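This is a predicted model, so every value here is computed, not measured. When a ligand or atom number is given, it counts from 1 through the structure's own listing order.
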Amino acid sequence: MIDLRSDTVTRPTEAMWDAMRNASLGDDTLEGDATVQALEQEAATLLGKEDALFVCSGTMGNAIATLVHACHGGEAVLDQEAHMANSEGGGVSRLAGLFCRTIPSHRGEMNLEVLSDAIRSGYSRYGEPTAMVAIETSHNAAGGCVQSLDYLAQVASVAHERGAAVHLDGARLFNAAVALGIDARDIAQHGDSVTFCLSKGLSAPMGSILLGSREFIERARTFRRTIGGGLRQAGIMAAAGLVALRTMPARLAEDHRRTLLLWERLRNSALVEAGQYPPQTNILRLAVPSGKAENHVRQLALHGIAIRASGPCALRLVVHRHIDDAAIDAVSHAFEALAGCDR
Ligand SMILES: Cc1ncc(COP(=O)(O)O)c(C=O)c1O
């Protein structure tokens with residue numbers, strides 16, 4: 001099977017297996033685990049933050065960040081396509097108790113005037129102050145597109161002027177950095193807190209990192225315990241995470257090149273609607289005529305290709321370490337064959 005459902009299907013590298021086998025371990029919620037501590041320290045230094053916390057998943061990192069920002073209650077402002085708004089079990093409201101205000105976005109970017117109007121800087125008869133504004137880059141629902149540094153700086157400035165903290169959901173932060181040709185820390189500087197995932201394109205079997213100030217991470221550590229994320233010999237997973245952090249970001253450019261190649265091959269396919277944006281990173285979203293998406297997914301599975309539908313009229317294909325040039329050829333040929341049958 002050529003599996004393009006997500007970059008989360010990536011398997012550990014041999015170096016990760018070796019590191020896991022040889023990791024020095026402790027109990028991370030008792031005396032501490034040296035490998036987890038090494039990963040947290042290295043991530044914080046790399047991303048230019050005071051401290052970091054190893055967590056089970058991106059969703060857990062985002063939930064803990066929200067719990068910390070929500071210590072005085074209030075509201076959260078997110079774009080309506082944000083993963084945190086749509087795909088994380090409602091944690092912003094359900095766990096952290098923030099009323100969730102979502103505003104429209106285009107290719108992952110909220111209009112700054114609309115954003116400014118949505119942020120409440122104090123109590124009013126209509127609501128509580130905004131505790132957190134969340135941003136996402138690369139942006140999953142917007143087809144892996146990457147927000148400019150200028151946009152991120154402006155969001156941070158609008159939020160801070162009005163007294164709100166900024167959380168950056170950087171599940172694919174390194175994809176964004178590679179696409180812009182900059183250090184990940186240049187993006188991370190615009191979030192008071194930042195999450196990134198080791199388990200996606202970086203190929204670790206599990207784990208994400210939450211970053212922030214020392215005080216923020218101290219509080220986050222308590223909330224990690226609250227929601228059952230206190231791990232024991234977590235160094236086994238952190239060891240793979242260290243290898244991921246050290247060796248995998250640079251190769252993401254290869255995934256981006258193949259995603260663009262796939263787009264060039266598929267954009268004129270009779271299955272796909274015209275006028276698609278070229279992908280900037282490793283996620284390709286293709287618009288298809290309404291109601292066709294699930295059918296295309298089923299048909300492609302018969303050709304040994306696994307993809308996902310995003311609603312009735314879009315397909316999502318995600319390129320990762322196990323997708324080589326031959327796989328790109330095979331996917332293009334399967335689309336051609338399907339288009340022939342569809343005519
Ligand atoms: C933008 C974004 N944020 C957060 C997550 C959640 O990550 P996890 O699946 O590790 O909980 C994802 C997962 O795909 C994502 O795309």
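With a heavy-atom cut-off of 4.0 Å, Met84 does not touch ligand 1 at all.
When side chains are defined from C-beta on, His256 counts as touching Val178, because their heavy atoms get closer than 4.5 Å. The shortest side-chain heavy-atom distance between Arg162 and Leu115 does not fall under the 4.5 Å cut-off.
The aromatic rings of Phe216 and His69 are tilted relative to each other, their planes meeting at an angle between 30° and 60°.
In terms of N/O distances under 3.5 Å, ligand 1 is approached by Asp169. Checked by distance only, ligand 1 and Ser138 stay at 3.5 Å or farther apart across all their nitrogen or oxygen atoms. Inclusion of Ser199 in the set of residues having an N or O under 3.5 Å from an N or O of ligand 1 is not warranted. The shortest N or O to N or O distance between Gly58 and ligand 1 is below 3.5 Å.
Side chain to side chain, Thr66 and His167 fail the donor-acceptor criterion of an N or O pair below 3.5 Å. In this structure, a donor-acceptor pair under 3.5 Å is absent between the side chains of Ser138 and Arg172.
Using 4.0 Å as the threshold, Asn62 has a heavy atom nearer than that to some atom of ligand 1.
For atom 4 (C) of ligand 1, the closest non-hydrogen atom of the protein is Glu88 OE2, 3.2 Å. Atom 11 (O) of ligand 1 has Thr59 OG1, 2.6 Å as its closest protein atom, hydrogens excluded (heavy atom only). The protein atom (non-hydrogen) at minimum distance from atom 15 (C) of ligand 1 is His83 CD2, 3.4 Å. For atom 13 (C) of ligand 1, the nearest protein heavy atom (residue, atom name, distance) is Lys200 CE, 3.1 Å.
Shown here is Arg107, whose CZ atom has more than 12 heavy atoms of other residues, nucleotides or ligands within 6.0 Å.
Here is the list of ligand 1 atoms found below 4.0 Å of a heavy atom in Glu136: 1 (C). If you number the atoms of ligand 1 from 1 as listed, the ones under 4.0 Å from a heavy atom of Arg172 come out as 14 (O), 15 (C), 16 (O). Residue-ligand proximity, Ala171 to ligand 1, at heavy-atom distances under 4.0 Å covers atoms 1 (C), 2 (C), 3 (N), 4 (C), 15 (C).
Pairing each heavy atom of Ala96 with each of Leu67, the nearest pair is CA-CD2, 3.8 Å. Phe54 and Ala234 get closest at one heavy-atom pair: CE2-O, 4.0 Å.
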